[in-house]
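Letters A, B, ... mirror the listed sequences (proteins, then strands); counts begin at 1.
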Amino acid sequence: MNQPTSHSDTPSAENLAAHGAVVQQFHPRARVALENPQIRRNFRNAMDGLMSKRRSAFEGWELETLRELGANIRQRALANLPDLLEQLEKNLTDNGVRVHWANDGDEACRIVRKICVARNAKTVIKGKSMVSEEMELNHYLEEQGIEALESDLGEYIVQLAEETPSHIIMPAIHKNTEEISELLHEKTGTERSHDVNYLTASARQQLREKFMNADVGVSGVNFAVAETGTLCLVENEGNGRMTTTVPACHIAVTGIEKVVGTMEDVTGLLALLTRSATGQHITTYFNMISRPRQFNELDGPEEVHLVLVDNGRSTIYQDDELLATLRCIRCGACMNHCPVYTRVGGHVYGTTYPGPIGSILMPHMLGLEATQHMPTASSLCGACGEVCPVKIPIPDLLVRLRRESVDGDSERPSNVRGHGVKRGHLEAAAWLGWRWMHSQPWLYRLGTSVSARFRKLLPRTMGGWTRYRSAPKLAPKTLHQMMAQRSSSVRPSARMPQSSNVAQRGNLS
Amino acid sequence: MSAREQILQRLRQRHGGEIAVPETDFSVIADREWSAAEKLDRFQKMIESVHGEVHRVSEEDWLDTLADILQSRSARNLLVPLKHAIGRTIRDADRPDMPELLGYDTAIEHWLPKLFNDVDAAITSTRGAIAETGSLILWPNADEPRLMSLVPPIHIAVLEADQIFATFHEAIALQRWASGMPTNALLISGPSKTADIEQTLAYGVHGPKELIVIVIGAE
Ligand code: SF4
């Protein structure tokens, strides 16, 4: 996030407020994005490509059975979450890896800083890590006078542009070659070129220098294996391997939900992750780290740390339905298939995680006050739920969060922060009236016939509803009136027998 | 209370109570009945599809193939393992058509710039391969350190044809990974690449630009 944030020792209300201001501009930003043909083309092309690659990667697979397996592996891990975390901690510690725990992003940032300070580190090189984005780690380290440089090419581009990632797998997907060439030219002096190989080679050169001089490497984790104490990283570029091998100290940061039981579990999830994410059967590198450098080894970091970050996850964990959110393996398939995301792009959401996964995850991290637009930024077409490799019922969860934001009742105790934030007195009163009217037949008849008579007086615009739709028109006669006319004009013998049933079922009598 | 205790307590005292543990049936990713020849063919097809290069050679003539590969790339030098039979064979052969041979005999701190800037190619052994995804299995160690397969622009990997597993699932079971993981284990499937600039593939972004597999005993 580019917003100023505070990282004091107290939970950061200020930080949240700043963040809230960013995320609430969804609608104006969406309008701007929709009018930008470049953004729409960039996303459309990229997402079309990803969708078709995913489809062909799963050809010949029993995809439903595989997704079932993925969902079950993740669900089983969640069922044993506290035990697995302790087992992971024990095995990593036995392996010589130091494990830290953080309640939220700020606490995690402070842990990273402490490690850096103890090593007198001045430069940090980073592999791709969405949790570090969640923590706003780069910004924090800069404030502390520690340089943090992204090494994933997409993240590097985004960092040079002083932006945030617009996609969780492909951070710079919103930019085209020309824009990137211009950016590299301006910031690094690279010759302008449309040759992607040239641009890539020049970034390689710049980043190699940085790898050689970095004091600390910070990476994310795709799966943490409890049984063996192993951190698994999925990547194509090799920057993740560089980050976790070249600097003398490696700090991995991850959410507490990333733990799984065994390496066997990993095989199942890996088969789903890369195919769902980029349509690859596997990524170039699957990097499994269990120890710091051993006494006779010649490379690798002498210190390895793992920071386990909660940041709202243990609250999601409390609720049987919302729990499914934590199954996510961050493949991004739900974004690639989302008709809303594809049209507006990732920045419009204003949050670390955009798209469908962002819409079911961010409300827990930032509260519904700041994110109330997210669950509604969906047509509920269901595509996200259909492609999710771990079968998260995303549309159901979106509906649940919509309900959470208007529910104001105390009968349904809720863990969701900002519960009832959208509940307005007027709307609540209107629904109360609606309920009353529908339980009193005489009132219902009176109400509908009065509205039919004065239908011309109904407003033509109805807020957001009529921005892209025409206002509903009432019929000149109510159904009751038509039924009454019909029964007086039709002979009793010709009356259709069902009509009385229909009337009854419709609760009209 | 420490953050650790707070987090674990929140998880343990879950409002929703116990979570049911579902059964997991791995047969969908495990059951492959491929012959040795099918596994090799599949491995080759998959790794070639991601820009890897495969040479099938016999026990006797793999050194010729290696020399050809290096010459065609005008490699000035080759980093070899010092103890592994591969490295010993190359050094003992003492062939004039081989480039200068280098060894990774000191900790990285002592020669980092040289490794990054002056080494053209490295050769490593493998612990086998995975047919389904076209992946090499590497467990770097003191003789073949982690950066050997990452930093030089050309990585040549030697694979024994009878060490190809059908799936990752099968490999970890037969090699009993659960009973002890090394410091670092790797699956490598092709050269380093990126599609971060407008989805256009470019190779060698951080790691090797070329991955060449010499499969021994496959003729
Ligand atoms: S919610 Fe499902 S589809 Fe979306 S990123 Fe997570 S695992 Fe992938």
Side-chain angles (χ1 to χ4, degrees), chain A residues 46 49 62 65-66 69 72-73 75-76 78-79 81-82 101-103 107 153-154 170 172 176-177 180 196-197 199-200 204 208 212 227-228 230 236-239 241-242 245 256 262-263 267-268 271 281-282 284-291 294 296-300 310 314 317-320, chain B residues 2-4 6-8 10-12 14-16 19-26 28-29 46 50 104 106-108 112-113 116 132-135 141-142 145-147 150 168-169 172 177-178 181-194 196-200 202 204-207:
Chain A
E62 289 171 41
T65 321
L66 187 60
L69 173 63
N72 289 344
I73 292 172
Q75 189 73 12
R76 173 155 53 70
L78 292 174
L81 187 57
W101 303 67
N103 276 307
E107 198 172 351
L153 183 60
M170 284 178 296
N176 62 18
T177 310
I180 292 169
V196 171
N197 279 313
L199 297 175
T200 306
R204 171 188 169 111
R208 284 208 151 192
M212 286 196 269
E227 183 188 47
T228 52
T230 303
N236 282 312
E237 295 189 1
N239 69 306
R241 286 182 65 197
M242 288 277 192
T245 314
I256 52 171
T262 61
M263 281 304 297
T267 62
H281 293 280
I282 192 164
T284 300
Y285 300 115
F286 187 59
N287 181 8
M288 294 155 271
I289 298 163
S290 303
R291 274 180 203 83
Q294 302 297 290
N296 62 340
E297 291 171 351
L298 300 176
D299 59 20
D310 182 338
S314 62
Y317 190 73
Q318 307 298 318
D319 183 290
D320 281 339
Chain B
S2 69
R4 176 184 187 278
Q6 287 171 350
I7 294 169
L8 285 172
R10 282 196 294 271
L11 297 179
R12 287 240 150 80
R14 184 174 179 277
H15 295 170
I19 301 168
V21 181
E23 289 294 318
T24 43
D25 176 0
F26 284 83
V28 58
I29 59 162
M46 294 306 287
V50 290
Y104 200 140
T106 168
I108 184 62
L112 185 71
F116 269 68
E132 179 168 74
T133 51
S135 311
N141 56 25
R146 292 158 74 166
L147 293 176
L150 182 64
F168 187 27
H169 188 268
I172 62 163
W177 288 29
M181 294 285 287
T183 302
N184 182 220
L186 296 163
L187 301 186
I188 299 182
S189 317
S192 150
K193 68 177 173 217
T194 184
D196 273 342
I197 302 183
E198 223 182 309
Q199 293 232 287
T200 310
V205 53
H206 290 288

(request) Report yes or no: is the cationic atom of R14(B) (NZ for Lys, CZ for Arg) closer than 6.0 Å to the six-membered ring centre of Y317(A), at no more than 45° off its axis? (result) yes
(request) Might you work through the side-chain contact (heavy atoms from CB on, under 4.5 Å) test for T284(A) and R241(A), ending with a clear yes or no? (result) CA-CA 11 Å; T284(A) 300; R241(A) 286 182 65 197; over 6 Å; no
(request) Determine, stepwise, if the pair T177(A) / E198(B) fulfils side-chain hydrogen bond (donor to acceptor under 3.5 Å, both in side chains). (result) CA-CA 6 Å; T177(A) 310; E198(B) 223 182 309; 2.7 Å; yes
(request) Using a cut-off of under 4.5 Å on heavy-atom pairs, state which of T245(A), N197(A), N296(A) scores highest against chain B. (result) T245(A)
(request) Tell me, out of D25(B), D196(B), T200(B), T133(B), who's got the most heavy-atom pairs with chain A below 4.5 Å. (result) D196(B)
(request) Grab the two heavy atoms, one from A271(A) and one from I29(B), that are nearest each other, plus how far apart they are. (result) CB-CG2, 4.2 Å
(message) With a 4.5 angstrom heavy-atom cut-off, is it the side chain or the backbone of E62(A) that approaches chain B, or both, or neither?
(response) both
(request) Select one option (side chain, backbone, both, neither) describing which atoms of V205(B) are under 4.5 Å from chain A's heavy atoms. (result) both
(request) Against chain A, work out which of S2(B), S135(B), A107(B), A20(B) has the most heavy-atom pairs shorter than 4.5 Å and name it. (result) A107(B)
(message) Counting only non-hydrogen atoms closer than 4.5 Å, does I73(A) touch chain B with its backbone (N, CA, C, O), its side chain (CB onward), both, or neither?
(response) both
(request) Specify which of A142(B), G16(B), S189(B) makes the most heavy-atom pairs with chain A at under 4.5 Å. (result) S189(B)
(message) Using heavy-atom distances under 4.5 Å, tell me whether T106(B) contacts chain A through its side chain, its backbone, both, or neither.
(response) backbone
(message) Is there a side-chain contact (heavy atoms from CB on, under 4.5 Å) between I289(A) and R146(B)? Walk through the geometry before answering.
(response) CA-CA 11 Å; I289(A) 298 163; R146(B) 292 158 74 166; 4.1 Å; yes
(request) Between chain A and each of M46(B), E23(B), R12(B), count heavy-atom pairs under 4.5 Å; write down the option with the most. (result) R12(B)
(request) Measure A102(A) against the heavy atoms of chain B and call it side chain, backbone, both or neither at under 4.5 Å. (result) backbone
(message) Can you tell me which portion of T230(A) sits under 4.5 Å from chain B's heavy atoms? Options are side chain, backbone, both or neither.
(response) side chain
(request) Looking only at non-hydrogen atoms, find the nearest pair between S290(A) and M181(B) and report the distance. (result) OG-CB, 3.4 Å
(request) Against chain A, work out which of I197(B), N141(B), I108(B) has the most heavy-atom pairs shorter than 4.5 Å and name it. (result) I197(B)
(request) Just give me the residue among Q75(A), M242(A), E227(A) that pairs up with chain B most often, heavy atom to heavy atom, under 4.5 Å. (result) M242(A)
(request) Apply side-chain contact (heavy atoms from CB on, under 4.5 Å) to the pair L199(A) and L153(A), showing each step before the final yes or no. (result) CA-CA 10 Å; L199(A) 297 175; L153(A) 183 60; over 6 Å; no
(message) Applying side-chain contact (heavy atoms from CB on, under 4.5 Å) to M263(A) and F168(B), what does each step give before you reach the verdict?
(response) CA-CA 10 Å; M263(A) 281 304 297; F168(B) 187 27; 4.1 Å; yes
(message) If you define the side chain from C-beta out and look only at heavy atoms, does anything of T228(A) sit under 4.5 Å from M288(A)?
(response) no
(message) Is D319(A) close to chain B through its backbone or its side chain, or both, or neither, when contacts mean heavy atoms under 4.5 Å?
(response) backbone
